[in-house]
Amino acid sequence: MSEIKIIIAGPRGRMGSEAVKLVTTTEQFKLVAVLDHKYGGMMLSDVAGFQTISNVPIYTNIENCLQEVEADVLIDLTTPEVGMYHAKAALEHNVRPVVGTTGFTKENLAELERLSYEKELGCIIAPNFAIGAVLMMKFSQLAAKYFYDVEIIEMHHDQKLDAPSGTAVKTAELISDVRETKKQGHPNEKETIDGARGADYDGMHIHSVRLPGLIAHQQVLFGSDGQTLTIRHDSYNRASFMSGVKVAVETVMKQNNFVYGLENILD
Ligand SMILES: NC(=O)C1=CN([C@@H]2O[C@H](COP(=O)(O)OP(=O)(O)OC[C@H]3O[C@@H](n4cnc5c(N)ncnc54)[C@H](OP(=O)(O)O)[C@@H]3O)[C@@H](O)[C@H]2O)C=CC1
Ligand SMILES: O=C(O)C1=N[C@H](C(=O)O)C[C@H](O)C1
């Protein structure tokens, strides 16, 4: 495989810093620039924690970056608004986005799909790069064929901006693909405190827990007469996401279409 030139957006972040490690230690990957809203005009090696990483310029503006730097792939790990802006700009400049940022709306996804189609360029949006999380979602979809009542409980660190998590939304979507719409719980149930039953997606409920000490965890609970089934995944560190990032970068180079969810590219 020939060298893949990569830009990372959000390099100082919890995920971005792990992605910098991945890219700079993978033989066929080359980090050619980073996008940050701070430290523009400096080199990454000038920033605390990255002293050993040489020759990587920092840009604050993606257009300037894409005009000056030759790149194949943009990895975005920022915020939904920034990630959307970056992914669009990348496609417009013929750079393939691999986006881990969550919190995109259905309209955002449709817009990126259209751009990827028009440009005939690979674009991967992955709400969760951890292989175990992808399996948890697939197993939940399988279980939903037999269990029609389900509640999703996602649990994350308290610095997370979006709720529900991208993984929980994707899980609900996958379940919805195989499950008849069903309004769960008692038809007359009433919340005495707003939000007690969580978010409602197609009649199933999603509960978002935020606590210091947590990283990324999800339980999918199914219930039927006399039995329950619990499917759970835990990420205990951000390295758990990196094998998925690597697969996504390698795969996006071979693709000319839009992919939403790592389950669509894993063998
Ligand atoms: N797909 C997956 O498997 C995973 C996805 N995620 C998602 O990835 C995203 C990032 O998560 P996480 O790393 O925990 O968050 P962090 O807040 O740790 O990192 C986000 C980084 O983006 C930076 N940033 C903000 N605005 C810009 C901008 N305009 N240009 C460049 N960088 C910018 C922030 O800088 P500053 O702090 O100075 O504002 C920060 O360093 C979230 O959406 C999260 O949900 C997280 C884990 C796994
Ligand atoms: O913000 C996080 O931490 C995570 N975000 C992703 C999500 O929203 O699902 C993936 C993982 O859960 C960690």
Side-chain angles (χ1 to χ4, degrees), residues 7-22 33-40 44 47-50 57-65 74-90 97-105 108 124-134 136-137 152-174 199 206 208-220 232-249 259-263 265:
I7 297 170
I8 296 176
R12 286 177 299 106
R14 287 174 287 265
M15 279 292 281
S17 53
E18 207 57 57
V20 168
K21 240 185 264 168
L22 170 78
V34 294
L35 283 163
D36 198 326
H37 61 141
K38 295 178 185 160
Y39 307 109
L44 190 56
V47 178
F50 299 105
I58 304 174
Y59 287 84
T60 50
N61 177 291
I62 189 165
E63 274 85 18
N64 294 347
C65 179
L74 164 80
I75 300 176
D76 189 277
L77 297 158
T78 59
T79 64
E81 297 74 23
V82 174
M84 184 62 195
Y85 186 79
H86 282 168
K88 275 168 58 180
V98 167
V99 179
T101 306
T102 53
F104 287 175
T105 62
N108 290 155
I124 297 179
I125 313 290
N128 201 315
F129 286 116
I131 307 303
V134 177
M136 177 252 306
M137 290 186 255
I152 298 170
I153 306 175
E154 56 98 337
M155 294 155 280
H156 282 84
H157 59 94
D158 65 349
Q159 298 305 300
K160 187 163 176 58
L161 296 177
D162 53 318
S165 70
T167 308
V169 173
K170 181 70 183 172
T171 307
E173 289 168 354
L174 288 171
I206 305 177
S208 296
V209 176
R210 297 290 175 265
L211 283 174
L214 293 173
I215 302 269
H217 318 262
Q218 181 168 293
Q219 260 179 219
V220 187
R232 178 173 174 126
H233 176 261
D234 299 272
S235 269
Y236 297 109
N237 61 31
R238 270 95 191 176
S240 64
F241 302 108
M242 291 303 131
S243 56
V245 175
K246 183 168 184 283
V247 171
V249 169
V259 169
Y260 168 50
L262 217 60
E263 69 280 6
I265 61 167

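In what follows, residues are counted from 1 in the order of the sequence shown. First listed ligand is number 1; within each ligand, the first listed atom is number 1.
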ask   = Any N or O on Gly166 sitting closer than 3.5 Å to an N or O of ligand 2?
value =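 Yes, since at least one N or O of Gly166 sits under 3.5 Å from an N or O of ligand 2.
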inquiry  = Does ligand 2 come near enough to Arg238 that some N or O of the ligand is less than 3.5 Å from an N or O of the residue?
reply    =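 Looking only at distances, the answer is no, because the N/O contact criterion of under 3.5 Å is not met.
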query = Would Glu154 count as a contact of ligand 2 if the rule is a heavy atom under 4.0 Å away?
reply =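 No, that is not the case, since the closest heavy atom of the residue is not under 4.0 Å from the ligand.
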Numbered atoms and elements of ligand 2 in range of Ala216, under 4.0 angstrom, heavy atoms =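 Answer for ligand 2: 11 (C), 12 (O), 13 (C).
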query = Just which atoms of ligand 2 are under 4.0 Å from any heavy atom in Asn128?
reply =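 Matching atoms, with element in brackets: 10 (C), 11 (C), 12 (O).
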ask   = Counting heavy atoms only, which part of Thr167 comes closer than 4.0 Å to ligand 2: side chain, backbone, both or neither?
value =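 The part of Thr167 near ligand 2 is both the backbone and the side chain.
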ask   = More than 12 foreign heavy atoms under 6.0 Å from OH of Tyr260: is that the case here?
value =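 Yes.
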inquiry  = According to salt bridge (charged side-chain N to carboxylate O under 4.0 Å, His left out), does anything in residues 237-249 pair up with another residue at least two apart or in another chain? List the pairs.
reply    =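 Residue pairs passing salt bridge (charged side-chain N to carboxylate O under 4.0 Å, His left out), neighbours aside: Lys246-Glu250.
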inquiry  = I need the minimum non-hydrogen distance between Ser17 and Phe50, along with the two atoms involved.
reply    =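 Minimum heavy-atom contact is CB-CZ, 4.2 Å.
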ask   = What heavy-atom pair brings Ile125 and Pro127 nearest, and what distance separates the two atoms?
value =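 Taking Ile125 first and Pro127 second, the nearest heavy atoms are O-CD, 3.6 Å.
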key: Closest protein heavy atom (residue, atom, distance) for atom 11 (C) of ligand 2   =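 Of every protein heavy atom, His156 NE2, 3.6 Å lies nearest to atom 11 (C) of ligand 2.
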task = Give the protein residues with at least one non-hydrogen atom closer than 4.0 Å to an atom of ligand 1, ordered by chain and number.
result =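 Ligand 1 pocket, heavy atoms under 4.0 Å: Gly10, Arg12, Gly13, Arg14, Met15, Leu35, Asp36, His37, Lys38, Leu77, Thr78, Val82, His86, Gly100, Thr101, Thr102, Ala126, Pro127, Asn128, Phe129, Lys160, Asp162, Phe241.
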Measure the spacing between [atom1] of [X] and [atom2] of [Y] and express it to the nearest 0.5 Å.
X	Y	atom1	atom2	result
His156	His217	NE2	NE2	7.5 Å
Thr171	Gln218	OG1	CD	4.0 Å
Met15	Phe241	CE	CZ	5.5 Å

query = Hey, is Arg210 close enough to Glu154 for a salt bridge, meaning N to O under 4.0 Å?
reply =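 A salt bridge links Arg210 with Glu154.
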Pair Asp162 + Lys160: basic N to acidic O under 4.0 Å =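 So Asp162 pairs with Lys160 through a salt bridge.
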task = Report yes if the side chains of Leu74 and Leu35 come closer than 4.5 Å at any heavy-atom pair, otherwise no.
result =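 They are in side-chain contact.
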inquiry  = Out of His217, His157, His233, Lys160, who is nearest to atom 3 (O) of ligand 2 when you count heavy atoms only?
reply    =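 Ranked by closest heavy atom to atom 3 (O) of ligand 2, first place is His157.
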message = Given Pro127, Ser165, Gly103, identify the one with the heavy atom nearest to atom 10 (C) of ligand 2.
response =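 Nearest heavy atom to atom 10 (C) of ligand 2 lies in Pro127.
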